[in-house]
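In what follows, a structure is listed as structure tokens, so that the remarks can point back to it.
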Amino acid sequence: MTPPPPPRPDLAPDAHLERAEMEAMQREIAAAAVFEDDFSFDPATLGNPLGTASSGTETPLVAGVDQSFLTNEAGDQDRALSAVVAMRGGEVIERVHAVTSLEIPYVPGLLAFREGGPILAALEELSCDPDLLLFDGSGRIHFRQAGIATHVGVVLDVPSVGVAKSLLCGEPRGDTENLSPGTHVPIEANSRVDADEGTLLGYAVQTRQYDSPDRSINPLYVSPGHRVGPETAADAAAALATTYKLPEPVRLADSYADEAKREYTR
DNA sequence: GCGACAG
DNA sequence: ATCTTGTCGC
């Protein structure tokens with residue numbers, strides 16, 4: 001048996017670090033991360049309606065996390081609003097959000113240092129404790145294999161998955177245009193990634209697709225955050241995307257972030 | 001110098 | 001991420 005990885009509050013994203021220090025911390029995060037299944041719930045029941053699973057294990061509690069930003073009188077984005085929607089068996093169990101001041105601008109590869117603080121603040125407001133966290137952004141598909149899903153997952157030691165709408169880095173192992181729904185294509189490490197060339201980082205997952213060849217829906221780029229393997233990450237995203245392209249927890253967190261934002265705009 | 005670049 | 005109405009198509 002592998003020893004249970006402990007939470008790592010010492011690796012919480014600090015927006016005041018220098019860039020080199022942030023990158024060094026990400027290498028630590030990647031080293032501490034577990035990119036394989038290491039959880040107790042039954043992933044096969046993630047998409048189940050509700051109630052107790054037939055096997056006796058309870059349907060997993062999944063939380064989606066997303067952010068919206070508040071603008072200042074001057075016109076600058078000075079605050080982040082992080083929203084969390086917890087669901088079980090397709091039903092919303094709890095919704096919470098937190099508003100914190102923004103410290104740094106968006107920099108590709110350093111997203112966790114901009115949004116990690118707000119996210120941790122929102123998750124502290126949650127009274128339930130999720131079996132799985134879904135983030136809007138990358139996990140292992142990251143220059144240093146430490147995207148926001150991996151970073152937050154390691155800090156809290158909670159299984160997590162990264163769900164991005166566009167590819168940050170890595171190379172699809174095949175065509176990702178006009179994929180059929182239910183299809184997935186491997187994303188491998190390339191020269192831009194701090195990993196052996198060809199390492200499986202995640203999958204391009206096609207959850208929805210139009211029938212007509214006229215237009216097409218782009219796939220999601222799903223990768224392990226922490227304590228989840230690439231296949232399980234892709235399966236979970238697909239199983240939770242019941243009605244729309246995005247997994248329901250993430251989609252609802254997205255709309256809730258906008259909804260809650262209005263309450264501050266007035 | 002050039003290209004790439006989650007949200 | 002954000003600014004934003006209507007509009008094309010099933």
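The chains referred to below are lettered A, B, ... by the order of the sequence lines, with proteins before strands, and numbering in each begins at 1.
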Testing the basics here: between A:Arg88 and A:Leu61, what is the closest heavy-atom pair and its distance to 0.1 Å?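 Looking at all heavy atoms of both residues, the shortest contact is NH2-CB, 3.6 Å.
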Between [Y] and [X], is there a side-chain donor-acceptor contact under 3.5 Å, judged purely by atom types and distance?
X	Y	value
A:Ser68	A:Asp258	no
A:Gln206	A:Thr183	no
A:Gln209	A:Ser216	no
A:Glu115	A:Tyr106	no

So, A:His226 versus A:Phe35, ring centres under 6.0 angstrom or not? no
Check DNA chain B against residues 222-240 of chain A and give the residues with a non-hydrogen atom under 4.0 Å, in numerical order. none
A:Ile119 with A:Met22, same ILVMFWY side-chain cluster at under 4.5 Å: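 Both belong to a single hydrophobic cluster.
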Can you find a pair of side-chain heavy atoms, one from A:Ile141 and one from A:Leu167, that are under 4.5 Å apart?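 The answer is yes, as the side chains (C-beta and beyond) meet within the 4.5 Å cut-off.
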Determine, for A:Phe39 and A:Arg227, whether the Lys NZ or Arg CZ falls below 6.0 Å from the six-membered ring centre while staying within 45 degrees of the axis. no
Over-ring placement of A:Arg27 relative to A:Phe143, 6.0 Å and 45° cut-offs: no
Could you run through nucleotides 1-7 of chain B and give me one letter per nucleotide, 5' to 3': B if any protein heavy atom sits under 4.0 Å from the base, S if only the sugar-phosphate is that close, - if neither? ---SBBB
Short question: side chain of [X], backbone of [Y] - any donor-acceptor pair under 3.5 Å?
X	Y	answer
A:Gln77	A:Leu102	no
A:Lys261	A:Phe69	yes
A:Glu125	A:Ala122	no
A:His142	A:Gln26	no

Quick one, A:Arg95 with A:Glu259, criterion salt bridge (Lys or Arg N to Asp or Glu O under 4.0 Å). Give me CA distance, side-chain angles, the key distance, then yes/no. CA-CA 12 Å; A:Arg95 299 201 310 176; A:Glu259 177 191 326; 3.3 Å; yes
Would you please enumerate the stems DNA chain B participates in, each stem being three or more consecutive Watson-Crick or G-U wobble pairs with both distances under 3.5 Å? none
Want to know the stems of DNA chain C: at least 3 consecutive Watson-Crick or G-U pairs with distances under 3.5 Å, which are they? none
Under 3.5 Å, N/O pairs linking protein and nucleotides 5-7 of chain C:
none

Using a cut-off of 4.0 Å on non-hydrogen atoms, how would the nucleic acid contact of A:Asp258 be classed: base, sugar-phosphate, or nothing? sugar-phosphate
List the steps and the verdict of side chain to side chain contact (heavy atoms under 4.5 Å, CB included) for A:Gln145 and A:Ile29. CA-CA 8 Å; A:Gln145 304 186 79; A:Ile29 289 289; over 6 Å; no
From CA spacing to verdict: side chain to side chain contact (heavy atoms under 4.5 Å, CB included), A:Leu17, A:Met25: CA-CA 10 Å; A:Leu17 293 176; A:Met25 177 178 275; 4.0 Å; yes
Would A:Ser160 and A:Phe135 satisfy side chain to side chain contact (heavy atoms under 4.5 Å, CB included), going step by step from the backbone distance to the final call? CA-CA 8 Å; A:Ser160 62; A:Phe135 294 90; 3.9 Å; yes
In whole angstroms, the gap separating P of C:dT2 from CG of A:Asp78 amounts to 14 Å
Please check the phosphate of C:dA1 (OP1 and OP2 only) for any side-chain N or O of A:Lys261 closer than 4.0 Å. no
Sub-3.5 Å pairs of nitrogen or oxygen atoms, protein against nucleotides 8-10 of chain C:
none

